[in-house]
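A quick write-up on the structure given underneath.
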There are 2 protein chains.
Amino acid sequence: MPNNQFKRGELYSFVTGKASTAIARRLQKKFNTAGLNLTIEQWSVLYHLWKQEGISQQELCNATFRDKPSITRLVDNLEKLNLVKRVASEHDRRINLIYLTKQAQKLQEESMLLAEETLNEALETVPADKIEVCKEVLQIVYDNLK
Amino acid sequence: MPNNQFKRGELYSFVTGKASTAIARRLQKKFNTAGLNLTIEQWSVLYHLWKQEGISQQELCNATFRDKPSITRLVDNLEKLNLVKRVASEHDRRINLIYLTKQAQKLQEESMLLAEETLNEALETVPADKIEVCKEVLQIVYDNLK
DNA sequence: GGCATATAGTTGTTTGTGCAACTATCCAAA
DNA sequence: TTTGGATAGTTGCACAAACAACTATATGCC
């Protein structure tokens, strides 16, 4: 049992994601302070659309690791904010393709800068090689459980 | 700028806590399968009460890294499930001390086993020294942002 | 063509989070 | 002793997640 040695206090932080919660809260505060009227969850959808727009809601589910109802409602809210548009696919009428509005394109640079800034604050004083190990472990955890 | 080297794809996982989300989902499924009628958030409150009961809601806020309204509602729901009781402090009538019921005491062993099992599955194939580095980094992240 | 099945998306319900505003109580200083 | 500020907890609101049940459309097979 090589990995069976959890002291209880350590178990807790892993399950609750203390660190990632703290990162998300800090970024949310930066968005609010900057007057970006955007939740972290909405940002995480835009994040993938900035890489490639015109993808389906199902593809957004896979990319953001969320279920279909969550994406339906996030897209609902992003549509209300005039940041995305649903466009019915011509080939398959079950599919909505999601496109960014001009307004959303304007948000990319500023929000990404705030995200990088947040991560730099989070990882201040952490040596680069330890960050690499940490990323590697978190990726394996994800792969082990998905 | 020693830590300024985020490739964008990596940034996303850090902010969204992909790994810890996956762990929490896996544990929730184990609870459901085992017939434990308990959310991960409720479990995280019980977790601290098992270590020490009779603490105030404010102390639960600090321990679980949640705000006061969140704890109010988690305690509400735990009370509905007959797992905890609010007892007004005699010294300071503003304070509720939270005590476990017998029913909650019975849940400890089984739920902690499932949590350890989940972590073992998550960290399968990860060498112990890398786990240590990862824990260390996540703790620093938390300390940097709190 | 017609039917079974799979896929894309939506809706309802319960639970939790974050913020602001609120009540009740305590405490300390004038 | 009163009054003003701090602390503990609650409530309302908007947003999000997980699950189940639902509609609409597509596809493959007879």
Side-chain angles (χ1 to χ4, degrees), chain A residues 15-18 20-33 36-45 55-62 64-81 83-84 86-98, chain B residues 15-18 20-33 36-46 55-81 83-84 86-98:
Chain A
V15 176
T16 56
K18 249 175 41 169
S20 60
T21 305
I23 293 174
R25 284 181 191 167
R26 172 68 61 98
L27 180 55
Q28 183 69 67
K29 278 186 187 158
K30 282 182 191 285
F31 281 2
N32 297 344
T33 303
L36 297 183
N37 180 25
L38 203 59
T39 68
I40 300 303
E41 294 82 4
Q42 291 164 358
W43 174 82
S44 83
V45 171
I55 63 178
S56 70
Q57 295 188 197
Q58 183 57 55
E59 287 171 311
L60 280 174
C61 291
N62 302 335
T64 63
F65 193 42
R66 289 184 167 83
D67 68 358
K68 291 192 291 179
S70 295
I71 290 296
T72 292
R73 277 144 184 156
L74 283 171
V75 172
D76 285 349
N77 286 335
L78 286 167
E79 239 181 356
K80 280 183 207 155
L81 292 168
L83 295 174
V84 306
R86 286 176 164 99
V87 177
S89 163
E90 293 180 4
H91 310 299
D92 186 337
R93 285 190 297 170
R94 292 171 303 180
I95 293 178
N96 293 332
L97 302 176
I98 312 299
Chain B
V15 176
T16 56
K18 250 176 40 171
S20 60
T21 306
I23 292 174
R25 284 181 191 166
R26 172 68 60 97
L27 179 55
Q28 183 69 67
K29 278 186 187 156
K30 282 182 191 286
F31 280 3
N32 297 344
T33 303
L36 297 183
N37 180 24
L38 202 60
T39 68
I40 299 304
E41 293 83 3
Q42 290 164 357
W43 173 82
S44 84
V45 171
L46 295 181
I55 63 178
S56 70
Q57 294 188 198
Q58 182 58 54
E59 287 170 312
L60 280 174
C61 291
N62 302 336
T64 63
F65 192 43
R66 289 183 167 84
D67 69 357
K68 291 193 290 179
S70 294
I71 290 297
T72 292
R73 275 139 186 160
L74 283 171
V75 172
D76 285 350
N77 286 335
L78 286 167
E79 238 180 359
K80 278 184 208 156
L81 292 168
L83 295 175
V84 306
R86 286 175 165 99
V87 177
S89 163
E90 294 181 3
H91 309 300
D92 186 338
R93 285 190 297 168
R94 293 170 303 179
I95 294 179
N96 292 332
L97 302 176
I98 311 299

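Residue numbers begin at 1 in each chain, while the letters A, B, ... track the order of the sequences. Everything numeric in this text was worked out from a predicted model, so none of it was measured.
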Checklist entry - Of all residues at least two apart in sequence or in a different chain, which pass the side chain to side chain donor-acceptor pair (under 3.5 Å) check with A:Thr72? => result none
Checklist entry - Who are the side chain to side chain donor-acceptor pair (under 3.5 Å) partners of B:Gln57, not counting sequence neighbours? => result B:Arg86, B:Asn96
Checklist entry - Got a sec, which residues hit side chain to side chain donor-acceptor pair (under 3.5 Å) with A:Ser44, two or more places apart in sequence or on another chain? => result A:Arg66
Checklist entry - So which nucleotide from D:dA26, D:dA18, D:dC19 ends up closest to the side chain of A:Arg93? => result D:dA26
Checklist entry - D:dA8 C1' sits how many Å from B:Glu90 CD, rounded? => result 17 Å
Next on the checklist: Per the salt bridge (charged side-chain N to carboxylate O under 4.0 Å, His left out) rule, what does the pair list look like for residues 20-33 of chain B, sequence neighbours excluded?
Outcome noted: B:Arg26-B:Glu121, B:Lys30-B:Glu117, B:Lys30-B:Glu121
Checklist outcome for this item: Whichever of A:Lys29 and A:Arg86 has the more 5' nearest nucleotide on DNA chain C, that residue is A:Arg86
Item to check | side chain to side chain donor-acceptor pair (under 3.5 Å) partners for B:Thr16, two or more places apart | outcome: none
Checklist entry - With sequence neighbours left out, what residues match B:Arg93 under salt bridge (charged side-chain N to carboxylate O under 4.0 Å, His left out)? => result none
Checklist entry - For A:Arg94 and A:Glu41, take the nucleotide of DNA chain D holding the closest heavy atom to each; which residue's nucleotide lies nearer the 5' end? => result A:Glu41
Checklist entry - Taking CD from A:Gln58 and P from D:dT25, how many angstroms apart are they, rounded to a whole number? => result 18 Å
Checklist entry - B:Asp92: what forms a salt bridge (charged side-chain N to carboxylate O under 4.0 Å, His left out) with it, not counting sequence neighbours? => result B:Arg94
Checklist entry - Any side-chain N or O of B:Asn96 under 4.0 Å from OP1/OP2 of D:dT10? => result yes
Checklist outcome for this item: Expected list for residues 63-72 of chain B near DNA chain D, using heavy atoms below 4.0 Å, is B:Lys68, B:Pro69, B:Thr72
Checklist entry - Distance check: side-chain N/O of B:Gln57 vs OP1/OP2 of D:dT10, anything under 4.0 Å? => result yes
Checklist entry - Heavy-atom distance under 4.5 Å between the side chains of A:Gln42 and A:Leu81, does that happen here? => result yes
Next on the checklist: Categorize A:Gln42 for me: base, sugar-phosphate, or nothing, with a 4.0 angstrom heavy-atom threshold over every strand shown.
Outcome noted: sugar-phosphate
Checklist entry - Looking across every strand, which nucleic acid part, if any, lies under 4.0 Å from A:Asn77 by heavy atom: base, sugar-phosphate, or nothing? => result sugar-phosphate
Checklist outcome for this item: Testing D:dA6, D:dC13, D:dA17 for proximity to the side chain of B:Arg73, the answer is D:dC13
Item to check | Range on DNA chain C touched by chain B, heavy atoms, distance below 4.0 Å | outcome: C:dT15 to C:dC26
Checklist outcome for this item: Heavy-atom nearest nucleotide on DNA chain D taken for B:Gln28 and for B:Cys61; more 5' hit belongs to B:Cys61
Item to check | Neighbour count >12 (heavy atoms, 6.0 Å) for atom CG, B:Asn37 | outcome: no
